[in-house]
Amino acid sequence: MFKDHLKKISSTAAAMIIFSLLASTALSISYFVTKTPIEESDARAKRIFLNQVIPSNLYDNNLVKDTISVEPNPLIGNKKNIDIYRAKKNNQVIAVIIETIAPDGYSGEIKTLVGIDQEDKILGVRVITHKETPGLGDYIEIEKSQWIKNFDLKSLDKMTEKEWAVKKDGGDFDYVSGATITPRAVIKSTYKSLLYAKENKKRLFEL
Amino acid sequence: MDNRSPYIVDAPSVSVIMFKVLLALIPGIALYVYAFGLGVIVNITLASLTVVLTESAILAIRKLPIKPFILDGSGLVTAWLLALSIPSIAPWWIIVLGTLLCIIFGKHVYGGLGYNLFNPAMVGYAILLISFPSIMTHWQIPTNLMENHVEWLDQIKIIMNSHLLSKETIDAMSSATPLDYIKTQLTLNQPLNIIQQNKIFGFLGGSGLELVNLGYLAGGLYLLKDKIISWHLPVSFLTTLFFTALIFNSFSPDTFASPLFHVMSGGSILCAFFIITDPVSAPTTPKGKIYFGVAIALLVFIIRIFGGYPEGIAFAVLFMNIFAPLIDSLTQPRIFGHK
Amino acid sequence: MQFNNIFKFNGGVHPEENKSLSTTLPIARLPIPKKLVLPLRQHVGHVAKLKVKVGDQVLKGQIIAEADGNISAAIHAPTSGKILKISEEIIPHPSGLPDFCITIESDLKDKWIEKKPIAWKKLDSAALIEMISSSGIVGLGGAVFPSHMKLKVNQNQSIETLVINAAECEPFITCDDMFMREKADEIIQGTLIAQSILHAKQCVIGIEDNKIEAYQALKKAAQKTSIEIKIVPTLYPSGDAKRLIYLLMGIEVPKEKRSVDLGIQVFNVATVAAIYRYLELGEPSISRIVTITGNVQNPQNYEVLFGTPLSELIKAAGGKSNKTQKFIMGGPMMGFDLPSIDVPVTKAMNCVIESSPELFPSPKPVMPCIRCARCADACPVNLQPQELYWFSKSSQLEKAKDYNLFDCIECGCCTYVCPSNIPLVQFYRYAKSEIIAQDKAKEAANTARERNESRLARIEREKKERAERHAQKALGAQEKISDDEKKSTIAAAVERVKQTQQENIKN
Amino acid sequence: MSDIKGIALDGFWKQNPGVVQLLGLCPTLAVTTSVINGLSLGIATAIVMALSNASVSPIRKFIPTEIRVPVFILIIAALVTVIDFSIHAFIQPLYKALGIFIPLIVTNCIVLARVESFAAKNKTTPSFFDGLFMGLGLAMVLTFLGALRELFGKGTLLSGIDLILGPSANNLVIHFFSDYQGFLLAILPPGAFIGLACLIALKNRIEAR
Amino acid sequence: MITALLVMIFLAVVLGLVLGYSAIKFKVDGDPMVARIDAILPQTQCGQCGYPGCKPYANAIAKGEADINQCPPGGDAGAKALAELMGMEFKPLNQEHGVQKPRAVALIDESTCIGCTLCIQACPVDAILGAAKQMHTIIASECTGCELCLPPCPVDCITMEPVLENSQSWKWKYPVYNIEKTSKA
């Protein structure tokens with residue numbers, strides 16, 4: 001009796017082992033086959049995204065790989081070290097891409113990428129993630145509206161601090177009526193990241 | 001042979017009940033017109049027309065008699081409640097679409113009068129709010145606060161042709177509701193007493209809105225007196241809302257509005273007497289009604305303070321509607337002769 | 001009016017009373033009809049056993065059918081005459097179906113059999129109950145439960161309180177009211193007899209506050225007794241025994257228990273008077289007071305012999321009126337349509353209402369239930385009629401049972417207040433009778449299954465025995481066969497039996 | 001041949017996974033915000049189903065009954081991972097759009113249901129076609145639901161086609177209204193439930209005739 | 001890579017052992033389904049379904065050998081209840097096995113009966129009383145109306161009497177108040 005049971009139990013176990021070995025083999029093969037293409041396509045995707053913030057014709061380095069790590073700073077709202085991408089042309093840093101966090105969105109944090117050149121001018125801003133009300137606050141996405149392009153080429157020296165606000169508050173930025181919290185948050189965080197870039201110019205832009 | 005005892009009845013018909021509810025809404029509507037102009041009347045008219053036409057069409061499709069079901073008045077109650085829930089300057093198609101949604105998705109997909117799981121008006125309202133958040137948060141400011149005087153004809157024009165108006169014009173005559181305003185200003189770390197200095201606040205709730213709410217209150221008391229609704233729902237809802245707000249307010253008066261403000265602003269009064277008292281989608285046992293009212297009040301408070309929307313009545317009511325059958329089955333009263 | 005020590009139950013309704021219609025004239029006596037039809041089943045329990053055959057001459061008060069077992073009641077000839085036939089006749093029942101009846105052709109002499117009053121004071125309760133069991137007395141309030149059974153008390157029970165039900169809460173009905181006004185003495189006497197048989201320590205009469213004259217008559221008659229008369233507010237259905245007990249004493253009779261278990265027994269006023277008449281005067285139960293009211297010329301109460309065709313009563317009240325559509329037996333809350341005006345007056349018939357469209361308008365269109373719970377507010381049993389309706393309507397009978405359908409007393413309060421005009425009680429009646437029928441069918445199926453199984457077992461056993469006998473015989477023929485072979489033969493036989501069994505199953 | 005026809009009829013209509021069996025509701029509801037999303041996840045699922053049915057069927061007699069479910073899951077999971085890798089490697093934008101839902105095909109009940117109820121009892125060829133047609137049936141529902149939601153929600157069709165065919169395909173996107181407000185509900189999760197309910201109702205309605 | 005493989009193998013061993021063990025440990029004996037099906041069947045024991053009684057038919061249904069619509073006394077309602085229990089689609093009663101008839105009980109014409117006991121042997125519920133060469137009687141309350149006693153009777157003295165409704169067995173009917181009807185009235 002006991003022997004029968006043992007036999008049955010061990011046979012099921014053996015079958016399981018055989019099938020899992022087969023599956024593992026299949027997985028290993030496909031893993032090795034797709035490994036390089038996956039890496040390439042991931043890098044390509046990241047580059048495409050970063051190119052929205054800094055046009056690709058401005059730099060000649062491998063943007064995805066060329067980063068420096070910075071510590072937490074209230075101006076960019078990060079809570080742990082993050083990487084800042086640096087765009088170089090002829091071995092000169094011409095612009096950086098900073099990931100900033102606006103903590104005061106309508107329903108939580110808004111993460112953006114801000115591209116800033118060495119003259120404290122914004123090259124481009126894109127939203128990475130947000131939780132704003134669909135249809136109300138989500139016009140900060142490039143897929144939904146062109147609003148985010150308002151930031152292009154804006155800089156600290158051409159505008160007073162007061163102008164870094166929505167029109168309703170006497171500022172320079174357009175907004176969708178009824179939803180002012182979201183643009184306010186993005187404007188504020190972008191403004192602060194400019195301040196950050198200015199303060200840390202040496203570190204960010206020197207090799 | 002028709003062995004149908006009892007042979008005598010003494011009850012107001014469904015129509016009478018529903019028309020009394022409509023009657024009870026009139027003081028609130030009158031004050032609405034007084035404070036905000038005729039926009040709401042346009043909306044009510046549009047909603048009523050839509051409801052009659054749509055419901056007739058659906059009843060015809062379903063091969064049901066049209067007259068008794070139109071005259072039962074339940075469709076009109078839904079239409080009026082929806083019209084009172086949306087901003088009075090919303091474009092005309094909002095109320096028409098909303099009423100359509102109420103009648104189709106709130107009522108007839110479940111089988112029509114008496115079978116709907118959810119409060120039909122709130123179904124329509126929630127769909128509108130989710131789908132058109134921008135329009136649904138543009139509330140008209142009371143006429144006496146407007147910088148340029150608005151004739152009633154202008155209001156109709158706005159409702160009928162809102163897409164022709166510039167954003168500035170709309171902004172000039174609309175604002176967030178007091179609840180919404182508090183919520184957004186609080187995120188900017190403003191203390192409450194500064195926030196409430198804005199002109200849109202009145203002595204109890206929102207300027208103008210508090211008057212309308214008093215009108216609803218009068219209508220609600222009439223319904224209570226006439227035994228159209230039972231006391232359990234409004235009392236449990238309002239006291240829970242009041243005391244929850246009181247507790248939070250006493251801990252931190254700078255971030256939590258006063259209990260009276262919570263009761264007198266937003267749709268609290270309308271909700272207490274007209275929305276949660278919809279018999280079809282609410283529990284039927286006395287105890288169940290109390291639990292229902294308490295739960296909705298807590299949810300409303302939670303959504304108002306912590307949620308993504310400034311007002312939580314529609315979602316709270318819809319959410320609790322799901323539980324109404326469960327509440328009913330758990331709160332069966334003790335039967336005569338049972339332990 | 002002040003109500004002292006009254007315990008109000010939840011719910012209840014107060015329909016328009018319409019009682020004054022039939023209280024203007026005193027109780028009249030209906031002349032003896034030519035023909036009387038007496039159904040054998042006029043009570044709860046077993047059908048009475050026939051004691052006469054066609055052609056027999058009977059005297060007034062003679063037993064013509066006797067009680068069959070304990071829960072049953074005798075039937076007496078209401079007047080003297082000849083047994084005309086014993087056949088199926090239409091009876092006053094909501095089904096409109098016929099049942100077995102004795103038809104007596106009266107000789108108009110109305111000759112009494114020898115009346116034998118009983119010296120009840122000298123007899124003990126057991127003997128009295130035995131005697132009352134042949135009195136034919138049943139609950140005259142409408143429940144028609146054999147009265148002697150209610151007077152019988154088990155050893156482990158003792159009756160504390162005797163409640164006399166004088167509430168008569170249904171609109172239109174005034175038979176008890178008029179009876180109390182005119183025969184208060186008989187009622188009080190009967191009450192005292194019942195109290196002494198039951199050895200009840202106290203006795204309360206509960207009467208609604210709309211019967212002041214009756215109250216005063218009772219009060220006067222009860223002056224020198226310890227009987228307490230309590231006035232209860234007029235509210236339907238306070239005449240329901242369990243409701244009345246609660247009103248008077250604040251005691252709820254638990255589910256599946258009877259009031260007797262709590263030491264309370266309830267009798268209707270007319271029932272105790274009938275007991276009095278039987279014991280003191282020797283008159284069995286052969287007549288009752290019937291209210292005829294509604295759309296009749298002369299609404300009035302009549303003393304009517306059982307078996308009298310309803311048409312006689314209608315004639316006495318002025319005949320059928322123009323707009324009369326139908327006749328209702330009982331009150332407007334719990335009554336039912338009579339299948340014909342030829343039905344006989346029975347022990348259960350307390351009231352007949354001629355119905356006209358003005359009196360009882362035809363029902364308004366039925367709308368869907370909006371769950372307003374007015375019915376739940378009106379339910380005197382605290383049920384949830386809207387849920388019961390939902391389950392009954394969709395034939396979810398188990399669910400209906402779970403929601404205590406069988407606690408429903410079918411008083412009709414829920415339907416009375418329904419804004420959607422839903423015939424709620426009809427649905428409960430349907431569900432109840434469906435459940436009962438299904439339970440009966442289930443029981444029958446179970447019996448059939450058991451009988452089938454025992455039959456199969458028997459056949460198998462017989463087969464086995466036969467096989468063993470065969471094996472035994474084979475054994476006897478070949479004595480030299482070794483033990484091993486014996487075993488194998490038996491095994492083979494058993495195997496064969498098994499095989500045949502299997503084949504049987506396969507077939 | 002008629003056998004395969006019957007299988008196809010089952011997959012597309014009679015036993016359609018999306019509107020009859022109501023299996024695989026998670027992707028049905030979650031990814032159908034546009035035609036392209038619905039169609040591509042549908043096709044991915046169909047491929048997994050065809051392959052898993054085809055690979056389980058020939059070895060069905062060697063799998064002990066006690067462990068058949070884990071073995072099926074193992075096979076399905078391996079196939080899904082392979083597909084996940086491939087999409088990630090070669091159609092990166094689509095991989096981003098469909099996100100977690102590709103690995104989640106493993107948990108899609110319809111895949112296991114077909115393996116268990118069909119492939120484990122039938123020969124390889126019919127099993128392959130069963131998986132394929134069931135998958136395509138699901139893909140059909142996903143596409144239809146996606147179209148419905150996209151049309152009502154955004155007023156477009158085929159938006160996001162560039163994810164698959166590259167940016168040049170952008171002019172294939174059909175815009176129905178020039179100035180459409182957008183009916184957000186259709187795009188949001190509740191819209192998926194309502195849309196699916198309408199599809200089921202429609203199917204039952206046609207069936208009832 | 002090696003770790004991944006080891007994890008897979010470890011999982012395979014554990015799963016295989018656990019499942020193999022539970023297959024032995026939690027083996028289900030008997031079939032409670034049969035009893036539940038049998039409870040739905042009307043217990044007429046008439047054999048019209050093609051099986052020698054209700055229990056064998058229940059067995060066959062549980063095994064999937066018989067269809068759910070072969071019981072004429074159960075009728076469509078019975079088939080519906082069975083379909084619900086089995087999670088199958090409802091099928092109307094298969095007419096090949098007979099049609100549903102109103103309930104009836106057998107009645108022996110006692111003047112014709114010759115006392116052959118053939119009907120007694122045929123009765124599945126022992127509802128016929130009598131002995132050889134003596135008159136037989138049917139216990140009406142036990143008769144299921146299966147009609148199995150009809151064919152064996154050599155003198156055709158058994159008839160089926162339909163059970164009629166009387167005031168005791170009468171049921172309240174389902175109230176039908178159609179809104180269309182009443183609104184016109």
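Nothing here was measured: the structure is a model prediction, and the numbers come from that model. Labels below follow one simple rule: chain letters A, B, ... track the order of the sequence lines, proteins then strands, and each chain is numbered from 1.
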Looking at C/Lys255, I'd like to know if its NZ atom is crowded, meaning that more than 12 non-hydrogen atoms belonging to other residues, nucleotides or ligands lie closer than 6.0 Å. yes

Of the listed C/Gln386, C/Met334, C/Arg374, C/Lys242, the one with the largest count of heavy-atom pairs under 4.5 Å with chain B is C/Arg374

Just do the side-chain hydrogen bond (donor to acceptor under 3.5 Å, both in side chains) check on C/Asp407 and B/His338 with the steps written out, would you? CA-CA 10 Å; C/Asp407 280 76; B/His338 286 233; 2.9 Å; yes

Side chains of C/Arg429 and B/Ser5: donor-acceptor distance under 3.5 Å anywhere? yes

Is chain B contacted by the side chain of C/Pro380, its backbone, both, or neither, given a heavy-atom distance below 4.5 Å? backbone

Report which part of B/Ser329 has an atom under 4.5 Å of a heavy atom belonging to chain C: side chain, backbone, both, or neither. both

Compare every heavy atom of C/Cys372 with every heavy atom of B/Pro279, then report the nearest pair and how far apart it is. CB-CA, 3.7 Å

On a heavy-atom basis, which atom in C/Pro419 and which in B/Ala11 lie closest, and how many Å separate them? N-CB, 3.9 Å

Name the region of B/Asn116, side chain, backbone, both or neither, that has any atom closer than 4.5 Å to a heavy atom of chain C. neither

Closest heavy-atom contact between C/Asn382 and B/Ile335? O-CG1, 3.7 Å

Whatever's closer than 4.5 Å to a heavy atom in chain C on B/Ile228 counts as both

Which atoms form the tightest heavy-atom contact between C/Ser420 and B/Val14, and what is the distance? OG-CG2, 3.3 Å

Name the region of C/Glu410, side chain, backbone, both or neither, that has any atom closer than 4.5 Å to a heavy atom of chain B. neither

Taking OH in B/Tyr291 as the centre, count heavy atoms belonging to other residues, nucleotides or ligands within less than 6.0 Å. Is the count above 12? no

Under a 4.5 Å heavy-atom cutoff, which of C/Ile328, C/Leu383, C/Leu359, C/Ile251 has the most pairs with chain B? C/Ile328

Is it true that, when you exclude C/Lys257 itself, more than 12 heavy atoms of the residues, nucleotides or ligands shown sit nearer than 6.0 Å to its NZ? no

Please look at B/Thr285 and chain C and tell me whether the side chain, the backbone, both or neither of the residue comes under 4.5 angstrom of a heavy atom of that chain. both

Going from CZ on B/Phe336 to CZ on C/Arg243, what distance comes out if it is rounded to the nearest 0.5 angstrom? 4.5 Å

Rounded to the nearest 0.5 Å, what separates atom CD in C/Gln384 from atom OG1 in B/Thr284? 4.5 Å

What option among C/Leu424, C/Val253, C/Asn10 has the most heavy-atom pairs under 4.5 Å with chain B? C/Val253

I need the residue from C/Val417, C/Asn404, C/Val425 with the largest number of non-hydrogen atom pairs under 4.5 Å to chain B. C/Asn404

Are more than 12 heavy atoms from other residues, nucleotides or ligands located less than 6.0 Å from atom CD of C/Glu256? no

Most contact-rich option vs chain B, by heavy-atom pairs under 4.5 angstrom, among C/Thr415, C/Ile353, C/Val381, is C/Val381

Side-chain touch B/Asp10/C/His14, heavy atoms, less than 4.5 angstrom: no

Could you tell me whether C/Arg371 sits above the aromatic face of B/Tyr115, with NZ or CZ closer than 6.0 angstrom to the six-membered ring centre and within 45 degrees of the axis? no

Would you check, one step at a time, whether the test side-chain contact (heavy atoms from CB on, under 4.5 Å) holds for C/Met333 with B/Tyr7? CA-CA 6 Å; C/Met333 295 298 285; B/Tyr7 297 93; over 6 Å; no

To the nearest 0.5 angstrom, please state how far the CD1 atom of B/Ile17 sits from the CD1 atom of C/Ile370. 4.5 Å

Considering all heavy atoms of both residues, which atom of B/Ile8 and which atom of C/Pro15 are nearest to each other, and what is their separation? CD1-CB, 3.8 Å

